[in-house]
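What's counted below: heavy atoms across the whole structure, side chains too, no hydrogens, waters or symmetry copies. When a ligand or atom number is given, it counts from 1 through the structure's own listing order.
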Amino acid sequence: MRVLSGIQPTGRFHWGNYFGAIHQYIALQNNEQAFYFIADLHALTTVREPDKLREYVRDAAIDLLALGLDPAQATLFVQSDVPEVTELTWLLMTITQMHLLEKCHAYKDKKARGIAADAGLFTYPVLMAADIILYDSDLVPVGNDQIQHIEVTRDLGQRFNHLYDTEVFVLPNAHVLDQTAKVPGTDGEKMSKSYNNTIEIFLPEKQLKKKINSIKTDSLAVEDPKNPETCPVFALYKLFATPEQQEELAGRYRAGGMGYGEAKKLVLDAALEFFGPARERRARLEADSDYVQDVLRQGANTARQKGREVLDRARQASGLTRTPADGIDG
Ligand code: TYM
């Protein structure tokens, strides 16, 4: 069973990325068929500074390794290191109906906000479908916001199979964890860079404290009873706490006599403890860029081998391959 997922290097990873996706990557990596990649081609639709993009890709690789992605078990690579994905994107593009893309949320949201979308953003879901299909992926661990894209992937895979009367593509399923499908940000909305409400995993302690202190709360006084269910501080605490710890804090909320400052301190302590070991690993990896480059190089080789195989099948099915021995490899 192939597990595959991608993450965009558009800045530093935040708690939404970790609890919605990265945590699952690590939990699912030990079947030796896991492929995880840094989606730099997708990031090009928003990052237009080459040095920044390089920095984000490097940071993304280090972050993933520090958080527990193990290259001895899973394959980690950079999307653009496997150029086969762009060829498959074109094959899929030729069978993609416009209306399918018109309803996709990234494009729709931009359009609704009056921002001109380019063809890259509009066709973003087709590249994502190619990412998944290129490696015969069965299971795609993601947060809620990506489910629509996995559905598009299934649609396109199915349509290609149907049009060419083959079973050439595997149809994937999304893998979403109920509790963390949509991690809230500091304002209670979905945590997202575009909402400016993120808490980055590896912020220095002082900045982390500042971010956590900025989590929105109501103006109830310390002595007032409070509702844990509607409080973003509590929602974030839940990410780190055991059910017993959650129950205990919920009890203190309801009883009154506890200020939000105290709850925020609990979130800070829990986050520092939870990500402490990863922070230490990150510092070591930061100093070993040869190792990180090596992991990405080997990852690209492994991914490319598989990608080539699936692309060859697609070329054959669609009539691009003229004879079995055709192609640049002879
Ligand atoms: P991206 O880079 O926006 O996010 C990476 C992963 O983090 C999850 N996520 C969240 N989960 C829960 N709560 C949140 N607040 C939250 N914020 C982010 C996302 O659901 C995602 O799983 N299009 C993809 C990248 C991609 C991809 C792929 C994914 C490209 N090709 C192929 C899977 C398979 C994206 O923009 O994710």
Student: Got the closest protein heavy atom to atom 9 (N) of ligand 1, with its distance?
Tutor: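 Of every protein heavy atom, Gly16 O, 3.7 Å lies nearest to atom 9 (N) of ligand 1.
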Student: Would you mind running through ligand 1 and noting each atom that sits below 4.0 Å from a heavy atom of Ala181?
Tutor: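 Once the distances to Ala181 are compared, the set is 11 (N), 12 (C), 13 (N).
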Student: For Tyr25 together with Phe37, are the ring centres under 6.0 Å from each other?
Tutor: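 Between Phe37 and Tyr25, the centre distance exceeds or equals 6.0 Å.
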Student: Counting only heavy atoms closer than 4.0 Å, does ligand 1 sit against the backbone of His14, its side chain, both, or neither?
Tutor: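 Answer for His14: side chain.
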Student: Hey, looking at atom 36 (O) of ligand 1, which of Phe19, Tyr135, Tyr124, Phe35 has the closest heavy atom?
Tutor: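 Checking each option, the heavy atom nearest atom 36 (O) of ligand 1 is found in Tyr124.
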Student: Within the structure, does Val183 bring an N/O atom to less than 3.5 angstrom of an N/O atom in ligand 1?
Tutor: yes
Student: Establish, yes or no, whether a centroid distance under 6.0 Å links the rings of Tyr253 and Tyr237.
Tutor: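 No, they do not, as the ring centres are separated by 6.0 Å or more.
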Student: When you compare ligand 1 with Lys190, is there at least one nitrogen or oxygen pair between them that comes in under 3.5 angstrom?
Tutor: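 By distance alone, the answer is no.
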Student: Backbone, side chain, both or neither: what part of Asp131 comes under 4.0 angstrom of ligand 1, heavy atoms only?
Tutor: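 For Asp131, the contact with ligand 1 is made by the side chain alone.
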Student: Which atoms of ligand 1 are found less than 4.0 Å from any heavy atom of Gly20?
Tutor: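 Listed by number with element: 11 (N), 12 (C).
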Student: Tell me, which protein residue and heavy-atom name are nearest atom 37 (O) of ligand 1, and how many Å apart are they?
Tutor: Gln146 NE2, 3.7 Å
Student: What do you reckon, does Asn144 have a nitrogen or oxygen under 3.5 Å from a nitrogen or oxygen of ligand 1?
Tutor: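 There is no such contact.
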Student: Give the atoms of ligand 1, by number and element, whose distance to some non-hydrogen atom of Gly143 is under 4.0 Å.
Tutor: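 Listed by number with element, the hits are 11 (N), 19 (C), 20 (O), 22 (O).
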Student: Counting heavy atoms only, which of Pro125, Ala129, Ala21 comes nearest to atom 6 (C) of ligand 1?
Tutor: Ala21
Student: Report yes or no: does Lys110 contribute a side-chain atom to a donor-acceptor pair with the main-chain N or O of Ile115 at less than 3.5 Å?
Tutor: no
Student: Side chain, backbone, both or neither: which part of Pro184 comes within less than 4.0 Å of ligand 1 when only heavy atoms are counted?
Tutor: neither
Student: Should you measure from each heavy atom of Val142, which atoms of ligand 1 turn up under 4.0 Å away?
Tutor: 22 (O), 33 (C)
Student: To check your reading of the model: name the closest protein heavy atom to atom 18 (C) of ligand 1, its residue, and the distance in Å.
Tutor: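 Nearest protein contact, heavy atoms only, for atom 18 (C) of ligand 1 is Asn17 ND2, 3.4 Å.
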Student: With no hydrogens and no angle check, is any side-chain donor or acceptor of Arg254 less than 3.5 Å from a backbone partner on Pro225?
Tutor: no
Student: For Asp178, does the CG atom have more than 12 heavy-atom neighbours from other residues, nucleotides or ligands under 6.0 Å away?
Tutor: no
Student: Does ligand 1 come near enough to Pro141 that some N or O of the ligand is less than 3.5 Å from an N or O of the residue?
Tutor: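 By distance alone, the answer is no.
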Student: Please report which non-hydrogen protein atom sits nearest to atom 26 (C) of ligand 1, along with the residue it belongs to and the distance in Å to one decimal place.
Tutor: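 Residue, atom and distance for the closest contact: Gly6 O, 3.7 Å.
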Student: For ligand 1, is there an N or O atom under 3.5 Å from any N or O atom of His149?
Tutor: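 Not met; the criterion fails.
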Student: Hey, which atoms in ligand 1 end up nearer than 4.0 Å to a heavy atom of Ile7?
Tutor: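 Answer for ligand 1: 2 (O), 5 (C).
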Student: If you measure from each heavy atom of Phe37 to ligand 1, is any distance below 4.0 Å?
Tutor: yes
Student: Answer with yes or no whether the side chains of Gln79 and Asp131 bring together a donor and an acceptor at under 3.5 Å.
Tutor: yes
Student: Is there a donor-acceptor pair closer than 3.5 Å between any side-chain N or O of Gln207 and the backbone N or O of Pro204?
Tutor: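 Flag not set: sc Gln207 to bb Pro204 has no pair under 3.5 Å.
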Student: Counting only heavy atoms from other residues, nucleotides and ligands, does the tally under 6.0 Å from NE2 of His99 exceed 12?
Tutor: yes
Student: Give a yes or no on whether Glu248 atom CD has more than 12 heavy-atom contacts from other residues, nucleotides or ligands under 6.0 Å away.
Tutor: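 Open: at most 12 neighbouring heavy atoms sit under 6.0 Å from CD of Glu248.
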Student: Which ligand 1 atoms, with their elements, are less than 4.0 angstrom from a heavy-atom of His42?
Tutor: 30 (C), 31 (N)
Student: Going by distance only, is there an N or O of Asp145 that falls short of 3.5 Å from an N or O of ligand 1?
Tutor: yes
Student: Using a 4.0 Å heavy-atom threshold (strictly under), name the region of Met191 that reaches ligand 1: side chain, backbone, both or neither.
Tutor: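 Both parts.
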Student: At less than 4.0 angstrom from any non-hydrogen atom of Thr180, what atoms of ligand 1 do you find?
Tutor: 12 (C)
Student: Look at atom CD of Gln179 and say whether more than 12 heavy atoms of other residues, nucleotides or ligands are closer to it than 6.0 Å.
Tutor: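 Correct, the count exceeds 12.
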Student: Just one of Val126, Asp155, Val152 clears the side chain to side chain contact (heavy atoms under 4.5 Å, CB included) bar with Thr96, so which one?
Tutor: Val126
Student: Test His175 against every option in Ile150, Leu28, Val140, Val142 by the side chain to side chain contact (heavy atoms under 4.5 Å, CB included) rule and name the one that passes.
Tutor: Leu28
Student: Given the ring of Phe35, does Arg2 sit roughly above its face, with NZ or CZ under 6.0 Å from the centre of the six-membered ring and within 45° of the axis?
Tutor: yes
Student: Considering the heavy atoms of Val140, write down every atom of ligand 1 situated less than 4.0 Å from one of them.
Tutor: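 Listed by number with element, the hits are 33 (C), 34 (C).
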Student: Pairing donors with acceptors under 3.5 angstrom, does anything connect the side chains of Tyr260 and Asp218?
Tutor: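 Yes, a side-chain donor-acceptor pair sits under 3.5 Å.
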Student: How close does the nearest protein non-hydrogen atom get to atom 1 (P) of ligand 1, and which residue and atom is it?
Tutor: Gln8 N, 4.2 Å
Student: Holding to side chain to side chain contact (heavy atoms under 4.5 Å, CB included), I want the full list of residues that pass it with Glu273, two or more places apart in sequence or in another chain.
Tutor: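 Testing Glu273 for side chain to side chain contact (heavy atoms under 4.5 Å, CB included), a comparison that skips the adjacent residues, returns none.
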Student: Mind checking whether Leu127 contacts ligand 1 via backbone (N, CA, C, O), side chain (CB onward), both or neither, at a 4.0 Å heavy-atom cut-off?
Tutor: neither
Student: Give the contacting part of Thr10 toward ligand 1: side chain, backbone, both or neither, where contact means a heavy-atom distance below 4.0 Å.
Tutor: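 Neither; nothing of Thr10 gets under 4.0 Å from ligand 1.
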Student: Any heavy-atom pair between the side chains of Phe234 and Leu249 that's under 4.5 Å?
Tutor: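 Yes, side chains in contact.
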